Chemist: 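Pasting in a structure now, in structure tokens, and then I'll have a few things to ask.
Treat the numbers as computed from the prediction; the structure is a model and nothing was measured. The figures that follow rest on heavy atoms only: side chains count, while hydrogens, waters and symmetry mates do not. Note on naming: letters A, B, ... go to the chains in the order of the sequence lines (proteins, then strands), and numbering restarts at 1 for each one.
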Amino acid sequence: MTMLEVRCCFPLFLFSSLISVMSVRVRIAPSPTGNLHIGTARTAVFNWLFARHHGGQFILRIEDTDLERSRPEFTQNILDGLTWLGLNWDEGPFFQTKRMDLYQQAIRTLLDNGLAYRCYTSEAELDEMRAAQEARGQAPRYDNRHRHLTPDQEAAFQAEGRLPVIRFKIEDGREIAWKDMVRGTVSWRGSDLGGDMVIARRAPADEIGQPLYNFVVVVDDVDMNITHVIRGEDHVANTAKQILLYEALGAAVPEFAHTPLILSPAGKKLSKRDGVTSISDFRKMGYVADALGNYMTLLGWSPPDSTQERFTLAEAAEQFSFDRVTKAGAKFDWDKLNWLNSQYLHDIPADRLTDLLIPYWQNAGYEFDPGDRPWLEQLAALIGASLVRLEDAVEMSRYLFIVDVGFSDTATAQLQQDGTAAALQSILDSLASTQTLTADEAQTMIKTAVSTASVKKGLVMRSLRAALTGDMQGPDLIQSWLLLNQHQIDQRRLQQALAIAK
RNA sequence: GGUGCCGUAGGCAAAUUGGUAAAGCCACAGGUCUUUCAAUCCUGCGCUUGCGGGUUCAACUCCCGUCGGCACUGCCA
């Protein structure tokens, strides 16, 4: 539309230069009826990538026209989530509830032009109508029964005390088609759109009721000069109706891109009932923003070099195009997300990792001095390579924070092996004359224990692990020992273990 | 029920756009390293593109049919 108009008004040579100057404007329009959902976030990612690729504007609009369910804390959650993911917006947030005048004005225009009308059909009548249609094996749809009410008929309904909704006329004979950036040409018949659509809720006949989503979206997108509407595939069916609205409003129709949905393992649209789906939950669990953004991008898009699995959003933006967006929905794969997250975690330097880990250790109730950086950073370095999520650090480092961890069954069994007592006693003896343990000293002590107790090294190592950590598996033993030694709990553990061994 | 969209190995996917298919990643299995688990590294594993026709010298790519999945079908967004 825009292009056609431009083409008509300007010489052709100007056209090509205009299009490069014409800025891309996209938006993410979440509804604050819940926390930022992974699906919404992924849509935001695609919008952001497209905007950044074209040097355009990424706009945030809060769709809070559902007064019943919208809540300010959800708005905050959405803002926080987008910020955390690094999806910075250029304009907004705009709130639809603050733009009511605009919508009402647009509705008045449609009413005045005869493109919309008041419908007095009651909900009970609507139910009855749909039931009858269903009984006849027909698709449920509004039968446009009040499209041509006379003033007398309207007055009569009003006298009955009926409150009207406002409906927008949809001609059955219309053919609506658009060229979707993901799906190619998509077309719809007006007759399959369910009859004249409600654009404003029930209200007294001399007023204009609460405007509805499908209408408000169009008014806003027109008002905000949105050039490309990028949203989930679940909105395809709305698009035909909205195109009709653009026309009625005399506005240029934007480009559309309907992205594939994120599916649950069962293959259904991912919903809150599928467990963890909100960005804030992923964050709490210890997924890092870069990994999550990377993964969301990979769900439906692949870089030109498709062997590349890891990239930042900025890198993706350079190469992003809808040509490489798949049409089919993608199942959410925890395994792959976990793998990606672990890759990012492995690359984080110990000092930064420590910063990230401290809140988790604190939340776990561990008592420690956050200022004890050398010890904490050694710990971070110790477990870093084994982390899948930051949250894993809680269990993984428990034995280093809790003074008395207790011994697992397998550890107890190990401690009761022949030779264990003698070996541990040897270690304890060596330790008595040592200040701060070094790795070399630890190795020497182990050798001494091997010869003193006349046992194999493996037994000493396993027994030492059992005694020091209370378990038979965990992070590197020597490093763990050094950390315990620095907090003076190694000898205490060895003594407790000895009590069991004897 | 109707309309629309989609369909490549268990999952995500690639295939210079009609020109040798299953590249790469996850998962899985085995091995390596190590005192253990994990990580790392190595190796292996999956096969003719849902199915059936058609067009063509040639089809994952185009056409028809069929099956299946999903989305929508609100005075929610």
Chemist: Choose from B:A71, B:C5, B:C12 the nucleotide whose nearest atom is closest to any side-chain atom of A:Ala330.
Modeler: B:C12

Chemist: Which is true for A:Val165 with a 4.0 Å heavy-atom rule: it touches a base, it touches only sugar-phosphate, or it touches nothing?
Modeler: base

Chemist: Suppose you measure atom P in B:U20 against the same atom in B:A15; what distance do you get, rounded to whole Å?
Modeler: 13 Å

Chemist: Regarding A:Asn338, tell me which of base, sugar-phosphate or nothing describes its non-hydrogen contacts under 4.0 Å with the strands shown.
Modeler: nothing

Chemist: Mind checking the P distance from B:A13 to B:C6? Whole angstroms is fine.
Modeler: 15 Å

Chemist: Quick one: label A:Arg231 by what it contacts on the DNA or RNA (base, sugar-phosphate, nothing), any heavy atom closer than 4.0 Å.
Modeler: nothing

Chemist: Roughly how many Å is it from CG in A:Asp192 to P in B:G2, rounded to a whole number?
Modeler: 11 Å

Chemist: When you measure from the side chain of A:Gln473, which nucleotide among B:C25, B:A39, B:C37 comes out closest?
Modeler: B:C37

Chemist: Please measure how far the C1' atom in B:U61 lies from the corresponding atom in B:U56, and state the result in whole Å.
Modeler: 13 Å

Chemist: Ignoring hydrogens and angles, are the base of B:A23 and the side chain of A:Ser306 linked by a donor-acceptor pair under 3.5 Å?
Modeler: yes

Chemist: In whole Å, what is the span from the NZ atom of A:Lys327 to the P atom of B:U8?
Modeler: 12 Å

Chemist: Ignoring hydrogens and angles, does a donor from either the side chain of A:Ser31 or the base of B:A77 sit under 3.5 Å from an acceptor on the other?
Modeler: no

Chemist: May I ask you to say what A:Arg189 touches in the nucleic acid, namely base, sugar-phosphate or nothing, with a heavy-atom cut-off under 4.0 Å?
Modeler: sugar-phosphate

Chemist: Between B:U35, B:A77, B:G24, which nucleotide has the shortest distance from any of its atoms to the side chain of A:Thr307?
Modeler: B:G24

Chemist: Looking only at the side chain of A:Asp335 (C-beta and beyond, no hydrogens), which of the listed nucleotides B:A27, B:A77, B:C5 gets closest?
Modeler: B:A27

Chemist: Determine whether the aromatic ring centres of A:Tyr213 and A:His235 lie less than 6.0 Å apart.
Modeler: yes

Chemist: Could you tell me the separation between the CH2 atom of A:Trp339 and the P atom of B:A38, rounded to a whole number of Å?
Modeler: 18 Å

Chemist: Do A:Glu391 and A:Tyr360 get their side chains close enough for a donor-acceptor pair, meaning under 3.5 Å?
Modeler: no

Chemist: Cation-pi check, A:Arg147 to A:Tyr117: give yes when NZ or CZ is under 6.0 Å from the six-membered ring centre and within 45° of the ring axis, no otherwise.
Modeler: no

Chemist: Just call it for A:Gly137: base, sugar-phosphate, or nothing, with non-hydrogen atoms closer than 4.0 Å on any strand.
Modeler: sugar-phosphate

Chemist: Who is the Watson-Crick or G-U wobble partner of B:C12, with both distances under 3.5 Å?
Modeler: B:G24

Chemist: Roughly how many Å apart are B:G69 and B:U8, using the C1' atom of each and rounding to a whole number?
Modeler: 16 Å

Chemist: Hey, which of these two, A:Val388 or A:Asp323, hits RNA chain B nearer its 5' end, going by closest nucleotide?
Modeler: A:Asp323

Chemist: In terms of side-chain heavy atoms of A:Lys336, which of B:A77, B:C6, B:G24 is nearest?
Modeler: B:G24

Chemist: Got more than 12 heavy atoms from elsewhere within 6.0 Å of CD, A:Gln443?
Modeler: yes

Chemist: In this structure, how many angstroms lie between the P atom of B:G7 and the CG atom of A:Leu263, rounded?
Modeler: 13 Å

Chemist: Tell which nucleotide pairs with B:C41, taking only Watson-Crick or G-U wobble pairs whose two distances are both under 3.5 angstrom.
Modeler: B:G31

Chemist: Indicate, yes or no, whether a donor-acceptor pair under 3.5 Å links the base of B:C70 to the side chain of A:Lys268.
Modeler: no

Chemist: Could you tell me whether the side chain of A:Asn47 and the main chain of A:Val26 form a donor-acceptor pair under 3.5 Å?
Modeler: no

Chemist: So, does the side chain of A:Arg465 form a donor-acceptor pair with the base of B:U35 at under 3.5 Å?
Modeler: yes

Chemist: Decide whether A:Ser397 and A:Trp361 meet the rule of one side-chain donor and one side-chain acceptor closer than 3.5 Å.
Modeler: yes

Chemist: Name the residue closer to the 5' end of RNA chain B, choosing between A:His235 and A:Val182 according to the nucleotide with the nearest heavy atom.
Modeler: A:Val182

Chemist: A:Asp333 CG to B:A9 P: how many Å, rounded?
Modeler: 15 Å

Chemist: Provide, to the nearest angstrom, the distance between the CZ atom belonging to A:Arg136 and the P atom belonging to B:G1.
Modeler: 18 Å

Chemist: Sticking with atom P, work out how far B:C60 lies from B:G50, rounded to a whole angstrom.
Modeler: 10 Å

Chemist: If the cut-off is 4.0 Å, is A:Gln308 near the phosphate of B:A13, judged by side-chain N/O to OP1 or OP2?
Modeler: no

Chemist: I want to verify a distance call: between B:A77, B:G7, B:U35, whose nearest atom is closest to the A:Ala328 side chain?
Modeler: B:G7

Chemist: Which of the following nucleotides, B:C76, B:C5, B:U35, is nearest to the side chain of A:Met461?
Modeler: B:U35

Chemist: Choosing from B:G11, B:C76, B:C6, which nucleotide comes nearest the side chain of A:Lys331?
Modeler: B:G11

Chemist: Checking base pairs now: Watson-Crick or wobble, both atom distances under 3.5 Å. What partners B:G69?
Modeler: B:C5

Chemist: Answer yes or no: is there a donor N or O on one side and an acceptor on the other, between the side chain of A:Arg324 and the main chain of A:Pro303, under 3.5 Å?
Modeler: yes

Chemist: For B:G1 and B:U66, measure between their P atoms and round to the nearest Å.
Modeler: 15 Å

Chemist: NA contact type, A:Arg310, heavy-atom cut-off 4.0 Å: base, sugar-phosphate, or nothing?
Modeler: nothing

Chemist: A:His258 stacking on B:A71: centroids under 5.5 Å, ring planes under 30°?
Modeler: no

Chemist: At 4.0 Å (heavy atoms only), tell me whether A:Gly194 reaches a base, stays on the sugar-phosphate, or touches nothing.
Modeler: nothing

Chemist: Less than 4.5 Å apart, any side-chain heavy atom of A:Leu431 and any of A:Trp481?
Modeler: yes

Chemist: At under 4.0 Å between heavy atoms, what does A:Gly300 touch on the DNA or RNA strands: base, sugar-phosphate, or nothing?
Modeler: sugar-phosphate

Chemist: Just label B:U56 as syn or anti from its O4'-C1'-N9-C4 or O4'-C1'-N1-C2 angle, using within 90° of 0 for syn.
Modeler: anti

Chemist: Can you check the A:Glu125 CD to B:G74 P distance for me, whole Å?
Modeler: 17 Å

Chemist: At under 4.0 Å between heavy atoms, what does A:Glu63 touch on the DNA or RNA strands: base, sugar-phosphate, or nothing?
Modeler: sugar-phosphate

Chemist: Between B:G10 and B:U17, how many Å separate the two C1' atoms, rounded to a whole number?
Modeler: 29 Å

Chemist: Taking the same atom, C1', in B:A39 and in B:C33, what whole-Å distance lies between them?
Modeler: 11 Å

Chemist: From B:G4, B:G7, B:U35, pick the nucleotide closest to the side chain of A:Lys457?
Modeler: B:U35

Chemist: Any base atoms under 4.0 Å from A:Thr121, or only sugar-phosphate, or nothing? Heavy atoms, all strands.
Modeler: base

Chemist: Please confirm whether A:Tyr399 and A:Phe401 have ring centers closer than 6.0 angstrom.
Modeler: no

Chemist: Could you check whether A:Thr326 gets within reach of a base, just the sugar-phosphate, or nothing at all, counting any heavy atom under 4.0 Å?
Modeler: sugar-phosphate

Chemist: Which is true for A:Ser302 with a 4.0 Å heavy-atom rule: it touches a base, it touches only sugar-phosphate, or it touches nothing?
Modeler: sugar-phosphate

Chemist: Return the nucleotide paired to B:C62: Watson-Crick means purine N1 to pyrimidine N3 with N6-O4 or O6-N4, wobble means G-U with N1-O2 and O6-N3, both under 3.5 Å.
Modeler: B:G54

Chemist: Which one, B:U35, B:C76, B:C5, comes nearest to the side chain of A:Arg201?
Modeler: B:C76

Chemist: What about A:Phe320 and A:Trp301, are their ring centers closer than 6.0 Å?
Modeler: yes

Chemist: Using a 4.0 Å heavy-atom cut-off across all strands, classify A:Asn238 as base, sugar-phosphate, or nothing.
Modeler: base

Chemist: Touch check for A:Ala139, heavy atoms < 4.0 angstrom, all strands: base, sugar-phosphate only, or nothing?
Modeler: base

Chemist: What is the distance, to the nearest angstrom, from the CG atom on A:Asp471 to the P atom on B:U35?
Modeler: 19 Å

